[in-house]
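Written below as structure tokens is the structure these notes are about.
Residues take their numbers from the sequence shown, with the count starting at 1. What's counted below: heavy atoms across the whole structure, side chains too, no hydrogens, waters or symmetry copies.
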Amino acid sequence: MGKSGEKIRAAIAGATGYTGAELIRILSRHPSVEITHIYSRQHAGVPISKVYPAFTGVVERSCEKMDEEAAGRDADVVFLALPHKLPMGVAPAILGAGAKVVDLSADFRFSDAAVYEAHYEPHLAPELLPRAVYGLTELYRDRVAGADLLGNPGCYPTCSLLALVPFLRKGLVEPDGIVIDAKSGVSGAGRGTSLTTHYCEVTEGFSAYKVASHRHTPEIEQIVSREAGKKVALSFVPHLTPMSRGMLATCYVKATAPMSTEDALAVLADCYQGSPFVKVLPKGILPQTRHVRGTNCAHLSAVAEKSTGRLILVSVIDNLGKGASGQAVQNMNVMFGLPETRGLDATPYPV
């Protein structure tokens, strides 16, 4: 539990963005959490229920201007749902005040500052990177349990790596030549307005974007390289779909030896035995984004393509759930010794 020995006191910075609002939604009904602060520079002094009327009668707390020292003092854990660069500026003071940090930006996802800086900007707290734990819970649960600074993975990496890593760990697929074809709902672009996410630009359309240049590529490559034991470069192509939330990744990999669909499904099932949020679907049933909407679940499947020797791995998540805020709360549960599913056990919508 928290410092007080009672409920975990949680503060949320960037509370009015989509991931911040999703954190409020989850934590407001978490039986072991008390929300102490919600921070929003843009909406300071405004009740969160005015920004998001869905919280009327549920969360009536007002937004505040960010105060990292107060956050660290008054909370056991601070969630940083802020744009890249801002978290590394406030994390040192929060940690210094004794609170744990779960960062939903990319600032603490990379072990090598040079890699981060090549794709983002100069890092303001590189001394903290060795201390940070990459929080893909199912793969690094033991490290997450001992963390006080956690880099919550990106949505595309979460969706892709859950499918790929079980095979890489066992040497069952070639690390070279991996292709990831992924699709995301529009909420993945954040709440800020832009022409590319305008309703008329998105609806009734489907498009690739940032081909061979998306910032999640080096994040995926970092973990794939770690698990493969060698430096790996891969092809990653993201697409924007006309739905508000949801993500699907199709990964194409070459098997190192002949493998049947049944064998591939068994590899996934073995890896995620005891992981309550990862569901491996039966042969012949492929994942659909609507079946994980609003949850922290991931649905996985695999098909062996005999004519090419490739495995086709399909994974779906909710990009705001398992791809961001749900996974952040899952990590918090592990960090504080709570059941992994606490506050996250919503039943998926059947339709």
Review point. Of Asp76, Ile35, Val78, which is the lone residue that meets side-chain contact (heavy atoms from CB on, under 4.5 Å) with Arg9?
Key: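 By the side-chain contact (heavy atoms from CB on, under 4.5 Å) criterion, Arg9 pairs with just one of Asp76, Ile35, Val78: Asp76.
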Review point. Looking at Lys100, Arg73, Glu68, which one forms a side-chain contact (heavy atoms from CB on, under 4.5 Å) with Ile94?
Key: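 Going through the options one by one, the only one that passes is Glu68.
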Verify, without hydrogens or angle tests, whether [X] (side chain) and [Y] (backbone) share a donor-acceptor contact under 3.5 angstrom.
X: Ser184; Y: Leu240; result: no
X: Lys230; Y: Glu227; result: no
X: Asn152; Y: Asp103; result: no
X: His123; Y: Asp107; result: yes
X: Thr36; Y: Ala10; result: yes
X: Thr250; Y: Val314; result: no
X: Tyr116; Y: Ala106; result: no

What distance do [X] atom [atom1] and [Y] atom [atom2] have between them, rounded to the nearest 0.5 Å?
X: Leu149; Y: Leu95; atom1: CG; atom2: CG; value: 5.5 Å
X: Leu313; Y: Phe167; atom1: CG; atom2: CZ; value: 5.0 Å
X: Glu219; Y: His119; atom1: CD; atom2: NE2; value: 11.0 Å
X: Tyr140; Y: Arg226; atom1: OH; atom2: CZ; value: 4.5 Å
X: Ile317; Y: Leu300; atom1: CD1; atom2: CG; value: 10.0 Å
X: Leu320; Y: Arg245; atom1: CG; atom2: CZ; value: 4.5 Å

Check: [X]/[Y] side-chain N/O donor and acceptor closer than 3.5 Å:
X: Asp67; Y: Tyr39; result: no
X: Tyr252; Y: Glu305; result: no
X: Gln327; Y: Thr158; result: yes

Closest approach of [X] to [Y] (non-hydrogen atoms, all atoms of both residues):
X: Cys297; Y: Thr295; value: N-OG1, 3.0 Å
X: Ala81; Y: Thr19; value: CB-OG1, 3.5 Å
X: Val58; Y: Ala54; value: CG2-O, 4.3 Å
X: Ala163; Y: Ser315; value: CB-CB, 4.2 Å
X: Ala346; Y: Arg29; value: CB-NH2, 4.4 Å
X: His216; Y: Cys155; value: CE1-N, 3.9 Å

Would you say [Y] ends up clustered with [X] if hydrophobic residues are merged whenever their side chains have heavy atoms under 4.5 Å apart, either directly or through other cluster members?
X: Val59; Y: Ile26; result: yes
X: Leu86; Y: Met66; result: yes
X: Met247; Y: Val316; result: no
X: Leu311; Y: Val278; result: yes
X: Phe108; Y: Ile12; result: no

Hey, is [atom1] on [X] packed in by over 12 heavy atoms from elsewhere, all under 6.0 Å?
X: Arg41; atom1: CZ; result: no
X: Gln273; atom1: CD; result: no
X: Glu69; atom1: CD; result: no
X: Lys170; atom1: NZ; result: yes

**Study point:** Residues in side chain to side chain donor-acceptor pair (under 3.5 Å) contact with Thr137, at least two apart in sequence or another chain
**Key:**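 Applying side chain to side chain donor-acceptor pair (under 3.5 Å) to Thr137 gives Asn331.
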**Study point:** Pairs flagged by salt bridge (charged side-chain N to carboxylate O under 4.0 Å, His left out) wherever residues 129-150 is involved - sequence neighbours left out
**Key:**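 Output for this query lists Arg131-Asp148, Glu138-Lys322, Arg141-Glu340.
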Point to revise | Audit row: Arg293, Asp318, salt bridge (Lys or Arg N to Asp or Glu O under 4.0 Å) steps and yes/no | key: CA-CA 5 Å; Arg293 181 179 172 87; Asp318 184 320; over 6 Å; no
Review point. Taking only residues two or more places apart in sequence, or in another chain, which ones meet Glu262 in a side-chain contact (heavy atoms from CB on, under 4.5 Å)?
Key: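 Residues passing side-chain contact (heavy atoms from CB on, under 4.5 Å) with Glu262: Ser260, Lys283.
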Exercise for review: Dump the intermediate steps for ring-ring contact (aromatic ring centres under 6.0 Å, His included) on His214 and Phe236, then the final yes or no.
Suggested key: CA-CA 8 Å; His214 197 283; Phe236 170 66; 5.6 Å; yes
Point to revise | Cation-pi geometry met for Arg109 and Tyr120 (6.0 Å, 45°) | key: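 That pair does not qualify as a cation-pi contact.
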